[in-house]
Number of protein chains: 2
Amino acid sequence: MNAAFAKSSDYVGHAVAAIARLIREQDLKPGDRLPAETVLSSQLQVSRTVVREALRSLAALSLLELGAGKRPTVAKLDDEALCLMIDHGVMIDQIDIQQIYDARRTIEVRTAALAALRRTDAEAIQIIAHATAMAQDLLVPDKVMEHDIAFHLAVARASRNPLFALILGAFQNVTRETWPIGWRSRSSDAERQAMNALHLELAEAIAAGNPQSAAAMMERHFDSSLKALVAAGII
Amino acid sequence: MNAAFAKSSDYVGHAVAAIARLIREQDLKPGDRLPAETVLSSQLQVSRTVVREALRSLAALSLLELGAGKRPTVAKLDDEALCLMIDHGVMIDQIDIQQIYDARRTIEVRTAALAALRRTDAEAIQIIAHATAMAQDLLVPDKVMEHDIAFHLAVARASRNPLFALILGAFQNVTRETWPIGWRSRSSDAERQAMNALHLELAEAIAAGNPQSAAAMMERHFDSSLKALVAAGII
DNA sequence: TCCGCAAACCTGTCCTACAGGTCTAGGAAA
DNA sequence: TTTCCTAGACCTGTAGGACAGGTTTGCGGA
């Protein structure tokens, strides 16, 4: 299927491809169990070692879930694997903070609009709750940060497009590292309260089902964050 | 670092975390070599089996590159791993085509604008070349498709944000499967020529360095594609 | 100083073994 | 008859040894 997994005499690569094909052809869904390692081993005509390494590869991408005593199980995607990838990309200077910021902005303006259109009432309440909590814990940066991150993820989930939630979730680690910089760059309490107020207005636009307003608010949020970072000389 | 890799007595998970930490703490860059498996094995106090499975996990995410006789080397991210993940998400109905379409639209409107601002002359020429080639091979759908995909990826690369190229690249496989549907849904040659004309106009807007126009063109492109698919009853 | 080669090094694969977790068939109890 | 429970079968996680063949390195010669 893919070049990197297809070098001739790359047994593990072939096994990965074969197992991925197996999932596809048998139309397996999350929770469904694959054949045992020894069975795969004899079916694919490779050692159990090779099968195990192939299974690990797929588990790393969270296509599979492995567990002692349990047969390999088809899994749902989650953002952990992607998170590791993004972190690595930043580490090796393949991606910089500004690029992540731009990607977030691009996507989050959309998730805000979609969330306004599609959020359930429960989601609206949750989003407002995070925005409110940010204002309440104004003196405890760690709490503000966690609510901020949770706020944005809640919006992403409310957009009803799991791709957005997946991608934005993958930025979490990076955000956790850069967030305090943004916080410190807002030197006065007034600025910090203004940021929180913006979150709350955004939450209310989403709750009110107003996509234009939600998108505009999200744009303003990113504009002001970016301005704060630039002012602090970070970007 | 991550929950899924931290279950106590999950040796492989610990090894993955330790190796990822190693890369981070030593600030290794693509091409740099890690210690040999046996060295890692004794440093981490686990068997070579465990080390190998950990290395495979990281290689699956393309954080590492493995090769017979070669020590593990730090790698650049590429879209293959992400591609497998997206394909799987579609397979298990976690993601549907429309959601991918919306993600693409959201991101590609941005890449079009950025490409107009940042493209090099060589990139502008290449983008125009793909658009031209689409029109030339109008009777050979496969060729049109490949140029279409290459066109969009070239725009993504010209945006100078590797995240966008990474994400859009991951949609390639899905696009290859759905593209022919869109093609067939444009029943007349006139419609198909109109689509190609739109690509060419977009390419020219990017070459002319006009971001507003490029973004608007990209929006029109997605609107008309979506309309064609809806008309065909696909979405 | 440069080149080439042999030895040292390293990975890919296979095998065996066993501890301990999980599942299931079938018997016991209600 | 149905439900519950358990013993045994099944399965994975980890360890360690072996060897083929690819890669790197440092030595010796030109």
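Worth saying up front: this structure is predicted, and the values here are computed from it rather than measured. Residue numbers begin at 1 in each chain, while the letters A, B, ... track the order of the sequences.
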Next item on the list: Indicate yes or no: does B/Asp78 engage B/Lys76 in a salt bridge with an N to O separation below 4.0 Å.
Entry: no
Item checked: Side chain to side chain, A/Phe164 and B/Asp102, heavy atoms closer than 4.5 Å -> yes
Check: In dot-bracket, 5' to 3', how would DNA chain D read with Watson-Crick or G-U wobble pairs under 3.5 Å, [ ] for crossing ones and | for pairs to another strand?
Finding: ||||||||||||||||||||||||||||||
Note to self: Measure CG/B/Leu44 against C1'/D/dT14 and give the value in whole Å, please.
What the structure shows: 14 Å
Check: What string of B, S and - do you get for nucleotides 15-20 of chain D, 5' to 3', when a contact is any protein heavy atom under 4.0 Å?
Finding: BB-B--
Check: Per the side chain to side chain contact (heavy atoms under 4.5 Å, CB included) rule, which among B/His147, B/Gln172, B/His221, B/Arg157 passes with B/His152?
Finding: B/His221
Next item on the list: With the side chain of B/Glu37 defined as its heavy atoms from C-beta on, choose the nearest nucleotide among D/dC11, D/dT14, C/dG12.
Entry: C/dG12
Notebook entry, point to check: How close or far is atom P of D/dC11 from atom CG of A/Leu40, stated in whole angstroms?
Noted result: 11 Å
Next item on the list: Could you tell me whether the side chain of B/Gln126 and the main chain of B/Ala154 form a donor-acceptor pair under 3.5 Å?
Entry: no
Notebook entry, point to check: Is the shortest distance from a Lys or Arg side-chain nitrogen in A/Asp87 or B/Arg24 to a carboxylate oxygen in the other one below 4.0 Å?
Noted result: no
Note to self: Rounding to an integer number of Å, can you tell me how far B/Glu53 CD sits from D/dT12 P?
What the structure shows: 12 Å
Next item on the list: Output the distance between atom CG (B/Leu226) and atom CZ (B/Arg105), rounded to the nearest 0.5 Å.
Entry: 7.5 Å
Next item on the list: To the nearest 0.5 Å, tell me how far A/Leu61 CG sits from A/Glu80 CD.
Entry: 13.0 Å
Item checked: Rounded distance in Å - CD (A/Glu65) to C1' (D/dG13) -> 16 Å
List, with names and distances, any nitrogen or oxygen atoms from the protein found under 3.5 Å away from nitrogen or oxygen atoms belonging to nucleotides 20-26 of chain C.
from: C/dT24; atom 1: OP1; to: A/Arg33; atom 2: NH2; distance (Å): 3.0

Next item on the list: Considering only NZ, NE, NH1 and NH2 on the basic side and carboxylate oxygens on the acidic side, decide whether A/Arg52 and A/Glu37 come within less than 4.0 Å.
Entry: yes
Next item on the list: Measure the spacing between CG of B/Leu34 and CG of B/Leu28 and express it to the nearest 0.5 Å.
Entry: 6.0 Å
Margin query: Tell me the interatomic distance from B/Leu66, atom CG, to D/dT23, atom P, rounded to whole angstroms.
Written below: 14 Å
Next item on the list: Could you tell me whether the side chain of A/Thr178 and the main chain of A/Arg176 form a donor-acceptor pair under 3.5 Å?
Entry: no
Margin query: If you compare every side-chain N and O of A/Arg52 against the phosphate oxygens of C/dG12 (OP1, OP2), does one of them come in below 4.0 Å?
Written below: no
Margin query: To the closest 0.5 Å, what do you measure between CG (A/Leu163) and CD1 (B/Ile167)?
Written below: 9.0 Å
